[in-house]
Amino acid sequence: MPTPSPQDPGLTNWLLIIALGVIWGAAFMSMTVALEGFGYWTVAALRLAVGAVALTAIGTAIGQGFGEITRTGGARGWVYAILLGIESYALPFALLTWGLQHVPSAFAGVTMGMLPLLVLPLVAIFSPEEGIGPRRIAGIGLGSVGLLILFGPSALESEGSQFEPLGRLAILLAAFCYAVGSVATRRAPRMPPLAFAAASLASGAIILLPIAIWIEGWPAAWPLRPTLALLYAALFPTALAAAIRIRVITTAGSLFMTLTNYMLPIWAVIFGIVLLDEELPPQLFIALALILAGIAVSQSRAIQAAFGRRRG
């Protein structure tokens, strides 16, 4: 079966990025609940550690253990797995953890949503086979405007913290880490996604766990509600999402993967309205229309190809 091209990602990859939008959209709520019982560093480190253990166990059971990285990727495969664990997990998790203490969460939402703009020049230099044309640039621009409308002026409001400029810089650096990680994943040797994801999460956990224990100590208590929220964050937005992310990037491209960044804030708002009784933002539907229009424009060829196959 041929591998889908960036211009024709295929139905499976469309379904996977929609699923990622839902999974990551619910992550904000689970993190908020987990922080009721644990510190920032502990939540970040345990997300990686529990996620790595879960993926390692599942991967080993189905023949995608760490040995598959050596067999399919060799030493180069391990270098990519370790570097991605540091650059795509440990470093951005640490930057976000620290930065969110000093800046509005809306600023982080807009910054993460702008990830496609950061990925564009990296793709042009390091992954030109994905193709960057006027349609993709126009679509990414529309989606970015939609995100700015969704979050509104609150994204730029000051929290009054003396570390706020450094906090904003930390969030921007975290977004840049994710952008570099997406392109690096595309360039990595082809390896089983569960093994690759598990090794990357484990590498990140090995770095963050000692830092979390040093700063916050090992948790003295494990309250039920925060613990369940932490387990959800580790198993779904971290472990499952890591495996899906690698699969989508390696088969459909890092630019296609960034479409999830437009969907994620919309799902986060919807979950907040439905499950937390938050108020409906009046600008939600305008933002949603622009984001959907941006996706349609940037992926117009893939959509046309999908309909063409269906008619045929």
Side-chain angles (χ1 to χ4, degrees), residues 20 24 27 31 40-41 43-52 55-56 66 69 72-100 108 111-127 130 166-212 233-234 237-250 253-258 260-261 264:
L20 273 179
W24 278 338
M31 292 292 289
Y40 285 96
W41 290 96
V43 169
L46 289 179
R47 276 185 67 183
L48 290 178
V50 175
L55 280 188
T56 301
F66 288 158
I69 296 181
T72 57
R76 184 165 170 259
W78 276 107
V79 168
Y80 267 93
I82 293 170
L83 288 179
L84 284 172
I86 297 170
E87 190 273 334
S88 287
Y89 294 105
L91 186 55
F93 273 31
L95 288 167
L96 282 170
T97 294
W98 187 84
L100 283 171
T111 304
M112 291 299 128
M114 296 300 175
L115 189 64
L117 296 178
L118 297 175
V119 170
L120 267 178
L122 295 174
V123 167
I125 297 171
F126 299 106
S127 190
E130 293 189 43
L166 290 177
R168 292 180 185 270
L169 178 61
I171 300 297
L172 287 169
L173 288 175
F176 183 72
C177 285
Y178 286 132
V180 173
S182 291
V183 177
T185 299
R186 178 76 176 173
R187 310 314 302 174
R190 297 300 293 272
M191 296 175 282
L194 285 183
F196 191 11
S200 298
L201 293 180
S203 300
I206 289 171
I207 293 173
L208 279 194
L209 267 176
I211 295 175
T238 305
L240 178 60
I244 294 175
R245 180 173 177 265
I246 288 172
R247 198 275 185 191
V248 171
I249 291 174
T250 54
S254 44
L255 271 179
F256 181 78
M257 178 65 211
T258 61
T260 307
N261 290 79
L264 190 155

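To the nearest 0.5 angstrom, Ile249 atom CD1 is 4.5 Å from Thr185 atom OG1. Rounding to the nearest 0.5 Å places CG of Leu96 at 10.5 Å from CG of Leu173. To the nearest 0.5 Å, atoms CE (Met191) and CH2 (Trp78) are separated by 9.0 Å. With rounding to the nearest 0.5 Å, the separation of CG in Leu55 from OG in Ser200 is 10.0 Å.
Considering only heavy atoms from C-beta on, Met257 comes within 4.5 Å of Leu20 through its side chain. Two residues are said to be in side-chain contact when any heavy atoms from C-beta on lie closer than 4.5 Å; Val180 and Phe176 meet this criterion.
Under the side chain to side chain donor-acceptor pair (under 3.5 Å) criterion, Ser203 pairs with no residue at all, not counting sequence neighbours. Not counting sequence neighbours, the partners of Ala202 by the side chain to side chain contact (heavy atoms under 4.5 Å, CB included) test are Ala52. For Thr238, the side chain to side chain donor-acceptor pair (under 3.5 Å) criterion is met by Arg47, not counting sequence neighbours. By the ring-ring contact (aromatic ring centres under 6.0 Å, His included) test, Trp98 is found to be paired with His102, residues two or more places apart in sequence or in another chain being considered. Residues that satisfy the side chain to side chain contact (heavy atoms under 4.5 Å, CB included) test with Thr56, not counting sequence neighbours, are Thr60, Phe66, Ala198.
Across all their heavy atoms, Ile246 and Thr250 have their closest contact at O-OG1, 2.7 Å. The two residues Leu194 and Ala243 come nearest to each other via the heavy atoms CD2-CB, 3.7 Å. The minimum heavy-atom distance linking Trp24 with Arg245 is given by the pair CH2-CD, 4.0 Å. Contact record, Pro210 with Ala205: CD-O, 4.1 Å, taken as the closest heavy-atom pair. Between Leu95 and Ala174, the closest heavy-atom pair is CD1-N, 3.7 Å. Annotation for Gly51 and Leu201: closest pair C-CD1, 3.8 Å, computed over non-hydrogen atoms.
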Please tabulate, for side-chain N and O atoms in residues 79-92, each donor-acceptor pair with protein atoms closer than 3.5 Å (sequence neighbours left out).
residue	atom	partner	partner atom	Å
Glu87	OE1	Gly181	N	3.3

